[in-house]
There are 2 protein chains.
Amino acid sequence: MAEREISQAVIGRLPRYFRYLGELKDREVERISSRELSDMMHVTASQIRQDLNHFGGFGQQGYGYNVEYLYREIGKILGLDKTHHLIIIGAGNLGQALANYMNFQRQGFIFTGIFDVNPALIGKKIRGIEVRPMEEVTGFIRQNNVDIAVLTIPKSEAVAVAERLTAVGIKAIWNFAHVDLDVPEGVQVENVHLSDSLMRLSYMIDRYESQKK
Amino acid sequence: MAEREISQAVIGRLPRYFRYLGELKDREVERISSRELSDMMHVTASQIRQDLNHFGGFGQQGYGYNVEYLYREIGKILGLDKTHHLIIIGAGNLGQALANYMNFQRQGFIFTGIFDVNPALIGKKIRGIEVRPMEEVTGFIRQNNVDIAVLTIPKSEAVAVAERLTAVGIKAIWNFAHVDLDVPEGVQVENVHLSDSLMRLSYMIDRYESQKK
DNA sequence: ACTATTCTGTTAAAAATGTGTCAAATCGAA
DNA sequence: TTCGATTTGACACATTTTTAACAGAATAGT
């Protein structure tokens, strides 16, 4: 496994395959061909076969792919068989929403702590976990073996906080702040820039309107 | 303007340019060259020049780009000079978080209404706007000239609701449900699949760990 | 057991995307 | 005003990504 670097394009598509296979599994479908999956997902069968083959031959000629097996294998590739400890920095609306969201989703992500600078929020319980003051965050990461920090704080603070987190060895940051973080080699960052997303939507609306005319 | 189809890749980068230019504008920087911007954003200067040129020659040889002007032009391309009326479907944690978030961001997006099926939430005020029952949504869209619906509801309901919304002529859906929507031609959909994003992060963590070894 | 059909993994071609280079335009200092 | 330095826009080239095609393997029906 993992001979050559897998492209971001392929990785980006894996969660979507995983989602569709999960659905098929729930519907107790036993096997599926790249062609059928292609029809469901509106991508070419060729792409599906080639994507999956980056990780090994999961299918069988004349049969297709076993849903259960493929689902589990993609899960492994995505690292969902391992548990990840996760803290949320920023107990505002979005932070709280994600905390709640985490408890529904349990693909190996364990919500361990939540932090804020606002004294009014400290001590408040969210999904059974108390909001802690920001000062405690570095100690907490070290003691609780935290892998992922979720950043739901204003951009003005995000850069400084990210630096603090990487200094104590956080492995990954799920960044909801509207700013690009500059982290040391080896720290993974996944950005969720909601305003960027909304702007793309705005562009597409306008583009269609003017095209139509 | 808009001679040939602009690729998704280019559109995807525009909001990021917009963000950096906004920052430069705030710092009262007057002009910038593709080279300087390239250093800031960690992309090639060539790509910046080519991307911007899809929309017309905003720069000037020997001078570079005027920050204020370029910022405004990209804003126009993204449709941020027009106002968009937006409603939120699903007044759960995420829906409320986005409602609050919208009020901070005012790039022409006007938060007009929020809806839920849960009777316990109806009537509750969020940012000064009352949660309305779902039955009223179609009438509301027609009467208030709503462009965008934000979907923060469980995937089990999302498909049916999307169908209802498109039937009354919604132009765009900002979809936070974990499901792909199948909408009629001309309705724009921008997905924010948070779980997909988290899985990519998980993959990257694992990939780095095993590489390091 | 035979044969037509199904379907993968792989290779090659095509399409899309990104990068380097350079002429021409403009700037700014002397 | 002149001239070297700067910087764009254009274009050609390189790379990446996607799609098509097909040989070979397995299936399923008879």
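This one's a predicted model, so the numbers in the text were calculated from it and none came from an experiment. Each chain gets a letter, A, B and so on, in the order the sequences are listed, and its residues count up from 1.
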Annotated protein contacts, base or backbone, on nucleotides 20-28 of chain D with a non-hydrogen cut-off under 4.0 Å, one of B, S, - each: BBB-BBBSS

Between C:dG28 (P) and B:E30 (CD): distance, integer Å: 10 Å

Nearest-angstrom distance from the residue atom CD1 of B:I48 to C1' of D:dT7: 13 Å

For atom CD1 of A:I11 and atom P of D:dT16, their distance in whole Å: 14 Å

Pair A:N175-A:H193, side chain to side chain donor-acceptor pair (under 3.5 Å): steps then yes or no: CA-CA 8 Å; A:N175 178 38; A:H193 291 316; 4.6 Å; no

Nearest-nucleotide 5' precedence on DNA chain D, A:Q47 against B:G57: B:G57

Distance, rounded to the nearest Å, where B:M41 contributes CE and C:dG18 contributes P: 13 Å

Pairing of B:E68 and B:R72 as salt bridge, 4.0 angstrom limit: yes

Length of the line joining A:L52:CG and C:dT8:P, which is rounded to integer Å: 9 Å

Ring geometry between B:H178 and A:Y101 (parallel below 30°, tilted from 30 to 60°, perpendicular above 60°): perpendicular

B:F55 CZ - D:dG9 P separation (whole Å): 14 Å

side-chain N/O A:N53 vs C:dT8 OP1/OP2, d < 4.0 Å: no

Parallel, tilted or perpendicular: ring planes of A:H84 versus A:F109, cut at 30 and 60 degrees: parallel

Polar side-chain atom of A:S202 near backbone of B:L78 as donor-acceptor pair, under 3.5 Å: yes

Rounded interatomic separation in angstrom, taking CD from A:Q8 and P from C:dG18: 13 Å

Side chains of B:P15 and A:R200 in contact at under 4.5 Å (non-hydrogen atoms): yes

Those residues of residues 13-25 of chain A lying under 4.0 Å from DNA chain D by at least one heavy atom: A:R13

Note, B:V131 side chain near B:F115 side chain (heavy atom, < 4.5 Å): no

Passing option when A:L98 is tested against B:L194, B:L94, B:L198 for side chain to side chain contact (heavy atoms under 4.5 Å, CB included): B:L194

Pairwise side-chain hydrogen bond (donor to acceptor under 3.5 Å, both in side chains) hits with a residue in residues 28-43 of chain A, at least two apart: A:S33-A:E36, A:S34-A:R49

Whole angstrom value for the distance that separates P of C:dT6 from OH of A:Y65: 17 Å

